[in-house]
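A quick write-up on the structure given underneath.
Protein chains get the first letters and strands the later ones, always in sequence-line order, with residue 1 at the start of each. Basis for what follows: all heavy atoms, side chains included, without hydrogens, waters or symmetry-related copies.
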Amino acid sequence: MPEGPSILIIKEILDPVFTGKRITGVKGNAKVDKDLFRNKKVEAIRSWGKHLLIQFPGFTARIHFLLFGSYSVNEQTKPAKSLRLALLFGKKGVYFYTCSVKILEGDPDDFYDWEGNLLSKKWNPAKARKKLKAIPSAMVCDALLNQEIFAGAGNIIKNEVLYRIRLHPETLIKNIPPRKLAALITEARNYSFDFLKWKKELTLKKHWLAHTKKTCLRCKLPLVKKYAGKTKRRTFFCTNCQVKY
DNA sequence: TGCCATGTTAAACT
DNA sequence: GAGTTTAACATGGC
């Protein structure tokens, strides 16, 4: 569920069904004031990175699925103890389980940088480049997971992008040649859309080239598995094909 | 069966 | 205080 494209899929499912609808009930154990939602009409459902945003007049419910979050539409499919938030609209409704729910006051456009959202029409590669230049001593494997720069990128996207562009995960940003840096930014977005397409087809796993893999498809040598960088997330790479600058 | 993971935050350290 | 490390959360697949 968790990476940006998966959240966009949820947005695309919920938006046509619930936008413009008025709340008739709220359930769940999220630590939020449920009275806030009373009789409110959904203004918009959007996604920014890994955040699902349900906008109401004056506030927004932010759903973050973390590692184990899930949801269902129109019927509750999980036990009450894992039900964080259910928004009910007459007979219809959406149920969110084991996720983080936060109320954001005001207009999300005031605090979300849509130009940093990998899947947004407003994605701004030049801005991403500028943000990368500001963290020269960071490893690229950490930079790719930085939501301030690549909102929506997760560990799968990280591993696949680095494999695609043949860049060693522990390369420091300042050492990446300009063309390679451009490729990094381009592929982060490209792969996000491939992820989206394959996720919709339920064939995402099948298309993994590096993530969880044991052997390099290109040179047939074993891939390294390492908890790399400050983020210490699983990193799969080929020391033969992925260049360290 | 136990381990581990598509994630993040806050507390506890140095 | 900054930077880091650790713990906590909590479900499902292998």
Which of these, A:Lys199, A:Arg189, A:Arg164, sits in a salt bridge (Lys or Arg N to Asp or Glu O under 4.0 Å) with A:Asp194?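 When salt bridge (Lys or Arg N to Asp or Glu O under 4.0 Å) is applied between A:Asp194 and each of A:Lys199, A:Arg189, A:Arg164, only A:Arg164 qualifies.
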Whether A:Lys50 contacts B:dT6 is assessed here as follows: a side-chain N or O lying under 4.0 Å from the phosphate OP1 or OP2. Is that the case?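 For B:dT6, OP1/OP2 do not have a side-chain N/O of A:Lys50 under 4.0 Å.
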Should A:Arg233 be listed as having a side-chain N or O under 4.0 Å from OP1 or OP2 of B:dA5? no
[X] side-chain proximity, nearest of [options]:
| X | options | answer |
| --- | --- | --- |
| A:His211 | B:dT6, B:dT8, C:dT11 | B:dT6 |
| A:His64 | B:dT6, B:dG7, C:dT11 | B:dG7 |
| A:Asn155 | C:dG12, B:dA5, B:dG7 | B:dG7 |
| A:Ile156 | B:dG7, B:dT6, C:dT11 | B:dT6 |
| A:Tyr227 | B:dT6, B:dC4, C:dT11 | B:dC4 |
| A:Lys81 | B:dT8, C:dT11, B:dT6 | C:dT11 |

Nearest-Å distance for atom pair [atom1]/[atom2], residues [X] and [N]:
| X | N | atom1 | atom2 | value |
| --- | --- | --- | --- | --- |
| A:Leu67 | C:dA7 | CG | C1' | 15 Å |
| A:Lys158 | B:dG7 | NZ | P | 9 Å |
| A:Trp208 | B:dA5 | CH2 | C1' | 10 Å |
| A:Gln147 | B:dT6 | CD | P | 14 Å |
| A:Leu66 | C:dT11 | CG | P | 12 Å |
| A:Asp194 | B:dT6 | CG | C1' | 17 Å |
| A:Lys230 | C:dT5 | NZ | C1' | 12 Å |
| A:Leu119 | B:dT6 | CG | C1' | 14 Å |

Any Lys/Arg nitrogen of A:Glu170 or A:Lys226 sitting under 4.0 Å from an Asp/Glu carboxylate oxygen of the other? yes
Between A:Lys200 and A:Glu12 (salt bridge meaning N to carboxylate O under 4.0 Å), is one present in this structure? yes
Identify, with sequence neighbours excluded, every residue that meets side-chain contact (heavy atoms from CB on, under 4.5 Å) alongside A:Arg218. A:Tyr163, A:Arg166, A:Cys216, A:Cys241
If you write DNA chain B from 5' to 3' in dot-bracket form, with Watson-Crick or G-U pairs under 3.5 Å, [ ] for crossing pairs and | for pairs with another strand, what do you get? .||||.||||||||
How would you list, by chain and number, every residue that makes a side chain to side chain donor-acceptor pair (under 3.5 Å) with A:Asp109, sequence neighbours excluded?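 Side chain to side chain donor-acceptor pair (under 3.5 Å) check on A:Asp109 returns A:Arg46, A:Trp114.
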What I want to check is whether the side chains of A:Lys158 and A:Thr235 have a donor and an acceptor closer together than 3.5 Å. yes
Using modelled atom types only, decide if a donor and an acceptor are shared between the side chain of A:Asn117 and the backbone of A:Gly49 within a distance under 3.5 Å.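 Present.
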Indicate yes or no for a side-chain donor-acceptor contact from A:Asn146 to the backbone of A:Asp142 under 3.5 Å, with no hydrogens or angles considered.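 Checked: no pair found.
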Classify A:Ser82 by what it touches in the nucleic acid, base, sugar-phosphate, or nothing, heavy-atom distance under 4.0 Å. sugar-phosphate
In whole Å, what separates the P atom of B:dC3 from that of C:dA7?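 To the nearest whole Å, 16 Å.
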Would you kindly compare A:Lys205 and A:Thr98 by the position of their nearest DNA chain C nucleotide and give the one closer to the 5′ end?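 Whichever sits nearer the 5' end wins; that is A:Thr98.
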